[in-house]
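Here's the structure, in structure tokens; my notes come after.
All chains are named by letter (A, B, ...) in the order of the sequence lines, taking the proteins before the strands, and each is independently numbered beginning at 1. When reading the values below, keep in mind they use all heavy atoms of this one structure, side chains included, and skip hydrogens, waters and symmetry mates.
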Amino acid sequence: MSDIYDTIMDLAKRRGFIWPTAECYGSVAGFIDYGPLGSMMKRRIEDVWREFYVVREGYYEIECPTIGQEEIFIASGHVKGFSDKMCQCPHCREYLRADHVVEGAGITGASAMDAAELARRLRDIPCPSCSEPLGEVGVFSFNLMFETSIGPGSQRKGYLRPETAQGMFTDFSRLLRFYRDRLPFGAVQIGKSYRNEISPRQGMIRLREFTQAEAEIFVHPEKKDHPRFSRYSGYRMPLLGIRQQQEGSPAVEMTMQEAVDAGVVAHSFIAYYLALTHDLLVTIGVKPERLRFRQHLPDERAHYAMDCWDAEVYSERFGWVETVGIADRTDYDLRAHEKQSGERFSVFIPYPAPRREKRVRVVPRMGALGPRFRDRAKRVAEALEASAPAEGGISVSVGGEEIFIPPDLYEIREEEVEVPGEEVTPHVIEPSYGIDRMIYAVLEHSYAEEVVKDEERRVLRLPPRIAPIQAAVFPLMNRDGLPEIAGRILEDLTTFGIVAEFDDSGAIGRRYRRQDEIGTPFAITVDYQTPEDGTVTLRDRDSMEQVRVPVRDLPALIGSLIRGRTTFAELKSP
RNA sequence: GCAUCGAUGGUCUAGUGGCAUGACUUAGGCCUUCCAAGCCUAUAGCCCGGGUUCAAUUCCCGGUCGAUGCACCA
């Protein structure tokens, strides 16, 4: 079967976008190399992402290690939750998910069972693969994280991070200080993450090492209105909400304001990033008609997430592929790290005016407590202060012992205190992008074949700002001084920061085709008119049309075309 | 991971127990005044390891990668 995926990957391999890794040793599934054009394109896509998130949103980028110590991933739940309990059938040697087999036999609650319990239940269940009773099988954990050790003699366990997000959480206190103790703020990270997939099959769709671009935006739990929501409130796009999925009805098109008002989206922070993501994906070359936003169903949502949407991109080979996830993760991550690290991850929110609060508290009479309890007096006093006020004596527990404190050893004091504000654990809004999947989607969506004069023309209609090579310069003939002029034009362009290529080999048509196939949006041809009046032809990749422009305008003009400030159509008919 | 099938220059492909086809691409040259034209020349290949054999790209075993189904996964 040869479909568009094969066509795209063949082109990507031939022309230097994407290669199987380390082919001389036989590649390994789930790992890829980005070739010269692929690396260039990947960086341009990352830069568009930075423009949206860092420049426009003001969420600065940080860069954390890809190896993290064990505690990070104990806290995040990956050590426990990211591992599957597996067993191997002794008869057919098939690897099976132990909990799935047990559930499949009609026993509920298997996912909560431990290894011993699962092994006991498995004994009488037939193997779903070969139907033999499983008998005595060992149940072991397969963790999707790559494990490593830090330092000599493996004293300290480490994992390759399975997501970039944890870095923003572990740096929370530093980030809060950096943003001068105010909500909301955010930080982003673009980098590699690793998951030791059991059997990655779908080429660059499921990788063991992949690039993520994630933003963690810390917001006040009760103020989930994006301060700049108006920018996207009128943005219209199709949403496939929980209701549409349950009813089997198609996505509904609505503005973000309508989505928030109708309660389809939990709040405007989520809605804002749905729209921003749509905007971003279309900017890099995803076709809007092959893009949809699907809300997670309650049972597929992580237990802590209160709302979660996926941007799914349609691929002819793979169907709808999750490419971006946008979730309200509440305070789950910060709480988890608080628990693991013992540090407090909160923001002090001052009240508009300090509140006066009446407080009743227990004040120990140390003069009486001291002689009575001697070396335990301090701990008794602390326990007493922490306990609820009561008139007729209080029971406290010290060192495992229950002690009754009669009323004469303390007094109950009513006092009025000024409370300037409160400690709040922020909620986290997390847009998380799979860069590699975005790259594949853009390649598939921008690829086109058409017939021009009985000859097949293959063209990547990449947005100019994504194209790896931005302009090509050709002398029409390889003589009469034309190559020299073309060489000078090339230098003008590259000096201006434009990535341009010179090509004088073969017929002019062949050179245009070569550039079409790698998505170069503009080609400049030096012809016999150039030495006479200082103009060249500028050819547009998509329409194959040409205009004559002065050589001296080229750098600024190409720069403006790449940035989308000018369009080729405007040059055609000013 | 299991099962089935496959792997020949960069790409597509013919074929074989004993010199490995052809086309396209690429490079150099000739020609050529705007969309893969033509001619000449050159470069480049049997996935890896082991076995059988005088001799293995070919047959056998193991592995790697890829496709498909199952399982797994976002």
Considering only side-chain heavy atoms of [X], which listed nucleotide, [options], is closest?
X: Met477(A); options: U32(B), G10(B), C34(B); answer: U32(B)
X: Tyr5(A); options: A67(B), C34(B), A36(B); answer: A67(B)
X: Arg195(A); options: U26(B), C34(B), A74(B); answer: A74(B)
X: Arg437(A); options: A27(B), C34(B), A74(B); answer: A74(B)
X: Arg317(A); options: U32(B), A67(B), C34(B); answer: A67(B)
X: Ala29(A); options: G66(B), U11(B), C35(B); answer: G66(B)
X: Val452(A); options: A36(B), U33(B), C35(B); answer: C35(B)
X: Arg14(A); options: U26(B), U11(B), C65(B); answer: U11(B)
X: Arg206(A); options: C72(B), C35(B), U26(B); answer: C72(B)
X: Tyr512(A); options: A37(B), C35(B), C65(B); answer: C35(B)

When you compare [N] with [M], how far apart are their [atom1] atoms, in angstrom units rounded to a whole number?
N: A37(B); M: U32(B); atom1: C1'; value: 9 Å
N: U57(B); M: G49(B); atom1: P; value: 10 Å
N: G1(B); M: U11(B); atom1: C1'; value: 33 Å
N: C24(B); M: G38(B); atom1: C1'; value: 16 Å
N: U8(B); M: G45(B); atom1: P; value: 14 Å
N: G18(B); M: A71(B); atom1: C1'; value: 46 Å
N: G22(B); M: A55(B); atom1: C1'; value: 27 Å
N: C59(B); M: U43(B); atom1: C1'; value: 33 Å

Looking at every strand, decide which applies to [X] at a 4.0 Å heavy-atom threshold: base, sugar-phosphate, or nothing.
X: Glu322(A); answer: base
X: Asp10(A); answer: sugar-phosphate
X: Val28(A); answer: sugar-phosphate
X: Arg541(A); answer: nothing
X: Arg479(A); answer: base

Comparing Arg294(A) and Arg548(A) on RNA chain B - which has the more 5′ nearest nucleotide: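 This one resolves to Arg548(A).
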Residue met sooner reading RNA chain B from 5', once Gly509(A) and Lys13(A) are mapped to nucleotides: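 Nearer the 5' end of the strand: Lys13(A).
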Who pairs with [N] - Watson-Crick or G-U, where each distance is under 3.5 Å:
N: C2(B); answer: G69(B)
N: C31(B); answer: none
N: C19(B); answer: none
N: U64(B); answer: A7(B)
N: A42(B); answer: U26(B)
N: A55(B); answer: none

Charged tip of Arg292(A) within 45° of Trp320(A) ring normal and under 6.0 Å: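 Pair Arg292(A)/Trp320(A) counts as cation-pi.
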Output field: ring centroids Tyr159(A)/Tyr194(A) closer than 6.0 Å: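 No; Tyr194(A) has its ring centre 6.0 Å or more from that of Tyr159(A).
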Aromatic contact, Tyr433(A) with Phe52(A) (centres under 6.0 Å):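 Between Phe52(A) and Tyr433(A), which both carry aromatic rings, the centre distance is not below 6.0 Å.
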Atom [atom1] of [X]: over 12 foreign heavy atoms under 6.0 Å:
X: Arg243(A); atom1: CZ; value: no
X: Glu70(A); atom1: CD; value: yes
X: Arg548(A); atom1: CZ; value: yes

May I have the distance from [X] (atom [atom1]) to [N] (atom [atom2]), rounded to whole angstrom?
X: Glu23(A); N: C48(B); atom1: CD; atom2: C1'; value: 14 Å
X: Asp6(A); N: A67(B); atom1: CG; atom2: P; value: 8 Å
X: Arg514(A); N: C34(B); atom1: CZ; atom2: C1'; value: 15 Å
X: Glu430(A); N: A74(B); atom1: CD; atom2: C1'; value: 13 Å
X: Ile326(A); N: A74(B); atom1: CD1; atom2: P; value: 19 Å
X: Arg510(A); N: U32(B); atom1: CZ; atom2: C1'; value: 13 Å
X: Arg513(A); N: A37(B); atom1: CZ; atom2: C1'; value: 12 Å
X: Asp503(A); N: U25(B); atom1: CG; atom2: C1'; value: 14 Å

Distance test, side-chain N/O of Arg15(A) to OP1/OP2 of U11(B), below 4.0 Å: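 Answer is no, no contact under 4.0 Å.
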A27(B) phosphate, OP1 or OP2, under 4.0 Å from Ser505(A) side-chain N/O: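 Looking at the OP1 and OP2 atoms of A27(B), one of them is under 4.0 Å from a side-chain N or O of Ser505(A).
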In C59(B), glycosidic geometry as syn within 90° of 0 or anti otherwise: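 Judged by the O4'-C1' to base torsion, C59(B) sits in anti, the angle falling more than 90° away from 0.
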Heavy-atom donor-acceptor pair, Arg457(A) side-chain to C35(B) base, under 3.5 Å: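 Absent.
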Residue pair Phe568(A) / Pro521(A), side-chain heavy-atom distance below 4.5 Å: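 They are not in contact (no side-chain heavy atoms under 4.5 Å apart), so the answer is no.
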Name of the residue among Arg510(A), Arg514(A), Arg511(A) meeting side-chain hydrogen bond (donor to acceptor under 3.5 Å, both in side chains) with Asp503(A):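 Of Arg510(A), Arg514(A), Arg511(A), side-chain hydrogen bond (donor to acceptor under 3.5 Å, both in side chains) with Asp503(A) is met by Arg514(A) alone.
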Residue pair Leu561(A) / Thr567(A): nearest heavy atoms and the distance that separates them: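 In this case the closest contact between Leu561(A) and Thr567(A) is CD2-C, 3.7 Å.
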